[in-house]
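Reviewing the structure listed below.
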Amino acid sequence: MGRGLLSRRLGLVLLVVVGCQKMGCGTKSESMKYRLWEPDFKFSVAQIEDRCASEQASLTARLDAIGKLGKGADFQSGCLALERALNDFQESLSPLIFLKYVSDKPEIREAAGKCESAVEQYRVEIFAREDLYASLKSASEKAASLNPDDKKLMDEFVLAFKRNGLELSKTDREKFIEKKKRIVVLETEFSKELIEWNDWVELTDQELEGVPESFKQRLKKTPSGKFKVTVQYPDYYPFMDNASNAAARKKLEHKFYLRGGVKNRERLDETLRLRDETAKMLGYANHAAYVLDDRMAKTPQAVATFLENVGSRIKAKALSDLKELQAAKNADLGAQSDGAFHSHDWRYYDNLLKKTKYRVDTQAIKEYFPLEVVNKGMFEIYQTLLGVTFVEDRTLQVWHPSVQAYRVKRGDTTVAIFFMDLFPREGKYGHAAAFTIVQGCANEDGTYQLPISSIVANFNPPTEGKPSLLEHSEVETLFHEFGHIMHQVLTTATYASFSGTSVKRDFVEAPSQMLENWVWDSSAIKKLSGHYQDKTKTLPEDQIQRLIQAKLLNVGIRYSRQLLFATLDQRYHTNPNADTTEVYAELAKSLMHIPIPEGTLPQAGFGHLMGGYDSGYYGYLWSEVYAQDMFTRFEKEGLLNPKTGGDYRTWILEKGGALEPMDLIRGFLGRAPNEDAFYRSLGL
């Protein structure tokens with residue numbers, strides 16, 4: 001869950017097609033030069049409001065001019081002009097909308113969120129304009145001689161209009177637009193509720209038994225002298241992994257599963273109904289059918305078959321895992337065990353089995369993964385594989401003092417910029433994600449617009465006497481998100497519509513999932529580790545081997561959890577009138593085999609469903625099949641083989657959405673993909 005929302009298209013989050021930056025898109029010249037546009041992140045509330053309004057007015061004027069062309073429109077004056085207009089708009093607004101997720105000032109987050117909502121509603125209006133659609137259709141009729149990139153861009157625009165109701169009657173289109181606008185409002189409010197949610201439990205020193213001393217030391221205290229443990233990830237997961245007091249775990253988990261509350265449950269329920277209604281207005285059976293029509297999977301039936309196959313393969317392992325977890329609990333509690341296995345038990349006993357069965361102490365291992373050392377090793381691996389270098393640049397403007405900025409270079413030439421915002425702040429986006437701030441594309445004058453992206457994460461911050469220390473799972477998360485950054489910033493796509501992670505959503509995770517494999521390799525772990533008190537001491541080989549052996553511990557339960565989320569998403573979007581709490585409870589019991597806590601609303605905190613992964617959560621499992629198959633080339637040719645890494649950069653990272661995912665995979669592998677490596681990676 002921590003890696004959802006990996007690539008927000010800022011300013012035009014829901015826009016199906018976006019394009020390049022201010023100089024406009026054209027064909028790349030053979031001798032490439034780069035243009036850097038440095039974003040500004042310093043805005044007042046008034047400046048945000050003024051720019052948001054003025055940019056909409058400016059865009060409207062440009063769209064009006066395109067709409068007036070009618071039958072006189074061609075690719076240049078219609079399609080390309082629309083792309084340029086939309087992306088001038090995005091370029092201006094993306095940095096300030098980004099502040100909704102990262103600003104430490106609540107009034108700035110509020111203003112940025114309002115701008116984002118206004119822009120997304122405006123998007124609905126844009127792609128429901130008859131005059132624009134008429135111009136685009138006229139241009140498409142003259143598109144026979146276009147090159148493949150131009151033809152694909154044209155087709156994507158026309159499809160975007162069709163999928164936004166332009167084939168409907170005027171009366172139905174007006175209803176469609178109002179429903180889509182309402183969905184935007186609900187999604188924005190849902191996201192804001194989660195970002196601003198601030199709940200905690202008060203616990204005594206005794207209730208904190210088992211948690212690391214470093215964890216306890218950083219906790220704030222309440223006026224009564226008790227410890228304040230929040231439902232935010234940096235508190236929640238370490239506590240659930242280590243706290244031996246089951247009642248305390250249950251208390252915190254109950255709060256965690258109420259994030260978003262009744263209001264978010266109601267927003268989700270209304271959104272599901274509206275999505276279903278708009279899909280049916282376009283002739284689809286349901287929202288899932290509408291979404292999947294434009295994905296690799298194509299149909300809900302294909303997704304259902306895929307999920308059923310995964311479920312049948314892992315069920316026996318999941319039940320075996322559960323039996324082992326229950327035995328661990330019974331052995332731990334003896335006569336005090338209630339003989340049942342609860343949701344607040346599984347993280348604790350999973351961690352306990354790591355420590356007892358494999359002698360893997362996650363807290364002790366953390367000492368070998370100070371963030372500075374992990375970053376250095378990660379950079380070395382990515383630089384070797386992809387033929388680039390990363391150079392910190394402290395002159396670039398950032399939005400918070402803890403943020404670091406880097407230039408990506410090929411030789412002496414800067415080809416991209418990325419930021420790293422890795423520590424939690426109040427009101428900050430609560431997961432780990434890679435945000436695109438500027439899309440890369442070829443400009444008319446032959447230059448290439450430098451892509452700009454940022455990792456946003458919530459790792460433990462440094463404390464007095466100790467740097468930020470990562471659990472191995474967090475090293476994996478960082479490696480994954482940095483893979484998304486590379487996908488975004490190493491693009492060579494002509495159009496930003498196909499730039500970086502602008503690929504089919506059920507493929508977008510694959511490039512980063514493939515790169516997670518490096519954190520399970522002994523030689524790579526040595527590069528990534530170094531004890532915080534003596535960085536020359538890497539994680540000992542015997543501990544590395546035990547860590548690798550423990551990788552498959554409870555893999556059945558963990559993948560059953562992913563299966564639960566994917567199936568839940570499909571059920572919600574094929575049967576929108578069902579009770580969302582009851583559906584969640586039913587699937588948790590039947591698929592993960594562990595019931596949800598009574599009286600909770602876990603769906604109210606499921607941000608993916610209201611943040612771009614609606615009917616698409618299956619993509620995490622779907623894309624992992626391709627990720628593990630792609631990794632087989634590195635297994636055969638070497639994990640640090642620059643030639644293989646170069647092919648990966650060329651085929652998978654650079655082309656983006658210019659080609660269909662299956663063409664990219666075949667190009668890299670030299671054959672059709674299969675699922676063998678995926679199931680082998682699960683030990684099946």
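All values derive from a computational prediction rather than experimental measurement.
Ring centroid separation for the pair Phe306 and Tyr618 does not come in under the 6.0 Å cut-off. For Tyr617 and Tyr620, the ring centers are positioned less than 6.0 Å apart. Tyr382 has its ring centre no less than 6.0 Å from the ring centre of Phe390.
More than 12 non-hydrogen atoms from other residues, nucleotides or ligands lie less than 6.0 angstrom from NZ of Lys526. Within a 6.0 Å sphere centred on CZ of Arg671, heavy atoms belonging to other residues, nucleotides or ligands number more than 12.
Between the side chains of Trp622 and Glu509, not a single donor N or O lies within less than 3.5 Å of an accepting N or O. For the 3.5 Å distance criterion, the side chains of His487 and Thr501 fail to qualify, holding no donor opposite an acceptor. In the model, Gln549 has no side-chain atom that pairs as donor or acceptor with a side-chain atom of Gln545 under 3.5 Å. There is no side-chain donor-acceptor pair under 3.5 Å between Asn458 and Tyr429.
Note on Arg35 versus Asp445: salt bridge recorded, some NZ/NE/NH1/NH2 to OD/OE distance being below 4.0 Å. Classification of Lys504 and Asp294 as a salt-bridged pair holds, one side-chain N sitting under 4.0 Å from a carboxylate O. Look at Glu372 and Lys376 and you find no salt bridge, because none of the NZ, NE, NH1 or NH2 atoms lies under 4.0 Å from a carboxylate O.
Judged purely by atom type and a 3.5 angstrom limit, Thr632 uses its side chain to pair as donor or acceptor with the backbone of Asp629. Between the side chain of Thr447 and the backbone N or O of Asn443 there is no donor-acceptor pair closer than 3.5 Å. A donor-acceptor pair under 3.5 Å links the side-chain atoms of Glu474 to the main chain of Glu471, judged by distance alone. For His472 (side chain) and Val519 (main-chain N/O), a donor-acceptor pair under 3.5 Å exists by modelled atom type.
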(Q) Using side-chain contact (heavy atoms from CB on, under 4.5 Å), reason through Leu490 and Arg410 one step at a time and then give a plain yes or no. (A) CA-CA 10 Å; Leu490 294 182; Arg410 287 185 182 166; 4.2 Å; yes
Q: Go through Arg295 and Ser615 one step at a time and tell me if the side-chain contact (heavy atoms from CB on, under 4.5 Å) criterion holds.
A: CA-CA 10 Å; Arg295 301 285 167 87; Ser615 299; over 6 Å; no
Q: Apply side-chain contact (heavy atoms from CB on, under 4.5 Å) to the pair Asp542 and Arg359, showing each step before the final yes or no.
A: CA-CA 10 Å; Asp542 64 324; Arg359 292 181 294 134; 5.6 Å; no
Q: Kindly indicate, with the supporting measurements, whether the criterion side-chain contact (heavy atoms from CB on, under 4.5 Å) is fulfilled by Met378 and Ile381.
A: CA-CA 5 Å; Met378 180 176 72; Ile381 290 170; 5.9 Å; no
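Results of the side-chain hydrogen bond (donor to acceptor under 3.5 Å, both in side chains) test with Glu367 over Lys466, His531, Gln533 single out His531 as the only residue that passes.
Residues Thr494 and Phe498 have side chains not in contact (no heavy-atom distance under 4.5 Å, counting atoms from C-beta outward).
At least one cation-pi condition fails for Arg633 and Tyr648: the charged atom is not both under 6.0 angstrom from the six-membered ring centre and inside a 45 degree cone around its axis.
Between Trp518 and Phe634, the angle of the ring planes goes over 60°, which puts this pair in the perpendicular group of the 30/60° scheme. Using the six-membered ring where Trp is involved, Tyr34 and Tyr448 have ring planes that are perpendicular, over 60° apart on the 30 and 60° scheme.
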